[in-house]
Amino acid sequence: MTTCYTRWAEENGMPANLMKKRMFRFYRDAYFNWPGEVSAYITLKSLALLKKPNVFFVNGSYGEKIIAPIVAHFQGLGGTIVQNKKLLSVEHQNGSVQGLVIADPDPKPHESGNKRWTPEVPVLPKTTERITGMDAVIIAIPLDCFKELNRGDAVFWNDSFLKINNISSVATLSWQLWTKEPVLPRLPCAINGLDEPMPTVIDYKHLIDEYRNDARFGSVLEWVGQETGFEEKTDEQIKTIVLNGFKKIPGAKDPMQAGVIKDVFRRNTSHYERYPLTEPGVNKFRPTTTTHFNNLFLSGDWVRNEVDIPNMEGAVASGTEAGNQTIRYLQQ
Ligand SMILES: Cc1cc2nc3c(=O)[nH]c(=O)nc-3n(C[C@H](O)[C@H](O)[C@H](O)COP(=O)(O)OP(=O)(O)OC[C@H]3O[C@@H](n4cnc5c(N)ncnc54)[C@H](O)[C@@H]3O)c2cc1C
């Protein structure tokens, strides 16, 4: 059955006035589904997992605190990391993956970060290479990047993969702003329910040591949201909407009058940046970690897993499942 959270709650006797409450809005915002509906399953699963709600922040950069130790562990086990290669296609025969075709991404179209990426990241000519001889493969790329693989290959794109094309994604927005003066009262959490298109804001000043211990920063703000309905607006127009909404928070001061140190505004429109939408009914289109190839496994926030929610926990849970399945396959 396909149902959205609002309909599910209505049908199960939730009073109409409660439907307008923050919790409903929160889940649609949190999964970037607003102004669309969000799946009842995803919302209820989130509520179930958040029985004892706690908010965690990485106290530093993700690269240093999370990724570097994992990379070091992997290398300690004898693994090799090959960076900055784009997977272009998967070679297969008789239900087994035999090889991968990769190439170097071409940084020119986005001027090494100064311009927005094109939807598909192009590759440099003459850099294509084949990797063969692997026992098993885990593909952990985002939904829209996966859709780019093996176009026109009916064996790869059999029914179990074809359904993936029904999952939609959204371009998220983020705006980071560092100010000299504090602009928000001290809060241990994010603020939700602000004006679209960026209804969530957080001040990292008191949450992350790097900022807490640095007197140069009064506030370190980050707004997030999604682009739907605002695609035609310029970055500056969106910033104006966001600032007007921000000023409605009790105790908030105008960040533009608080000594802006720097700001970074991002529209995550490229395939590798887009976020999978958890619309009502989406789960039947999401693949599992095992595939119709005996030695190919999938992981990522858009793949079904124990957590099942498109966030970091979901991505990690799918990776753990894919890893365990790979080990079982190799032990057969
Ligand atoms: C603005 C925003 C705020 C968020 N806030 C939170 C939050 O507070 N908490 C939370 O838990 N989650 C949050 N999320 C969601 C979370 O970031 C994702 O769910 C999670 O990072 C997904 O992990 P992943 O490993 O599936 O994919 P990714 O982290 O996207 O990793 C996939 C990698 O594959 C690479 N890649 C793509 N195509 C190819 C290719 N062809 N070949 C080789 N490599 C390729 C990509 O460059 C990328 O490095 C947020 C997301 C956004 C956009």
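Just so you know, these numbers come straight off a predicted model, no measurement behind them. In each ligand, atom 1 is the first atom listed, and ligand 1 is the first ligand listed. One-based numbering along the sequence shown.
Protein heavy atoms are absent from the 4.0 Å sphere centred on atom 28 (P) of ligand 1. Protein heavy atoms are absent from the space less than 4.0 angstrom from atom 5 (N) of ligand 1. Proximity of atom 34 (O) of ligand 1 to the protein is indicated by at least one non-hydrogen atom lying closer than 4.0 angstrom.
Among all protein heavy atoms, the one lying closest to atom 39 (C) of ligand 1 is Ile141 CG2, 3.4 Å. Given atom 14 (N) of ligand 1, the protein heavy atom at minimum distance is Tyr275 CE1, 4.6 Å. Of all protein heavy atoms, the one lying nearest to atom 2 (C) of ligand 1 is Phe32 CZ, 3.7 Å. Looking at atom 10 (C) of ligand 1, its nearest protein heavy atom turns out to be Met312 CE, 3.4 Å. Counting protein heavy atoms only, atom 40 (C) of ligand 1 is closest to Leu87 N, 3.5 Å. Closest protein heavy atom to atom 47 (O) of ligand 1: Tyr272 CD1, 3.7 Å.
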Show your working on side-chain contact (heavy atoms from CB on, under 4.5 Å) between Leu298 and Ile138 and close with a plain yes or no. CA-CA 5 Å; Leu298 302 183; Ile138 300 175; over 6 Å; no

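Under 4.0 Å from ligand 1, the heavy atoms of Val224 that appear belong solely to its side chain. At a 4.0 Å heavy-atom cut-off, ligand 1 does not touch Trp302 at all. Using a 4.0 Å cut-off between heavy atoms, Ala140 contacts ligand 1 through its backbone alone, with no side-chain atom that close. Residue contacts with ligand 1 for Thr172 involve side-chain atoms from C-beta outward but no N, CA, C or O (heavy atoms, distance under 4.0 Å). With a heavy-atom cut-off of 4.0 Å, Pro310 touches ligand 1 through its backbone alone.
Taking 4.0 Å as the cut-off, Phe146 does not count as a neighbour of ligand 1 on heavy-atom distance. Judged by the shortest distance from any of its heavy atoms, Pro142 lies inside the 4.0 Å radius around the atoms of ligand 1.
Residues Asp29 and Asn192 bring no donor and acceptor atom of their side chains to less than 3.5 Å of each other. Between the side chains of Asp308 and Tyr41, at least one donor-acceptor pair of N or O atoms lies under 3.5 Å.
Ring geometry for Trp175 versus Trp223: interplanar angle under 30°, hence parallel rather than tilted (30 to 60°).
Ranked by closest heavy atom to atom 20 (C) of ligand 1, the top entry among Asp301, Leu100, Ile202, Val170 is Asp301. In this structure, of Ser318, Gly314, Ala315, the residue bringing a heavy atom nearest to atom 25 (O) of ligand 1 is Ala315.
For Tyr275 and Tyr31, the ring centers are positioned 6.0 Å apart or more. Side-chain rings of Trp157 and Phe146 approach one another, their centers coming within less than 6.0 Å.
The Glu313 neighbourhood of ligand 1 comprises atoms 11 (O), with distances under 4.0 Å to a heavy atom of that residue. Near Gly300, with a cut-off below 4.0 Å to any heavy atom, the atoms of ligand 1 are 26 (O). Within ligand 1, counting atoms from 1 as listed, the ones closer than 4.0 Å to a heavy atom of Asn311 are 10 (C), 11 (O), 12 (N), 19 (O). Residue Lys85 has at least one heavy-atom neighbour below 4.0 Å for each of these atoms of ligand 1: 42 (N), 43 (C).
Here the options are Thr43, Thr6, Ile42, Leu44, the test is side-chain contact (heavy atoms from CB on, under 4.5 Å), and the partner is Tyr27; only Thr43 passes. Paired with Lys239 under the rule side chain to side chain donor-acceptor pair (under 3.5 Å), one option of Asp263, Thr234, Asn244 passes, and it is Asp263.
Among all heavy-atom pairs drawn from Gln98 and Met134, the shortest one is O-SD, 3.5 Å. The minimum heavy-atom distance between Ile131 and Ile102, with the atom names listed, is CD1-CD1, 3.6 Å. For the residue pair Lys205 and Tyr211, the shortest heavy atom distance occurs at NZ-O, 2.8 Å. In this structure, Val220 and Asp203 approach most closely via the heavy-atom pair N-OD1, 2.9 Å. Summarising the geometry of Trp302 relative to Ile141, their closest heavy-atom pair is NE1-O, 3.0 Å, with the distance given to 0.1 Å. Among all heavy-atom pairs drawn from Val38 and Asn33, the shortest one is CA-ND2, 3.7 Å.
An N or O contact shorter than 3.5 Å is missing between Asn268 and ligand 1 by distance.
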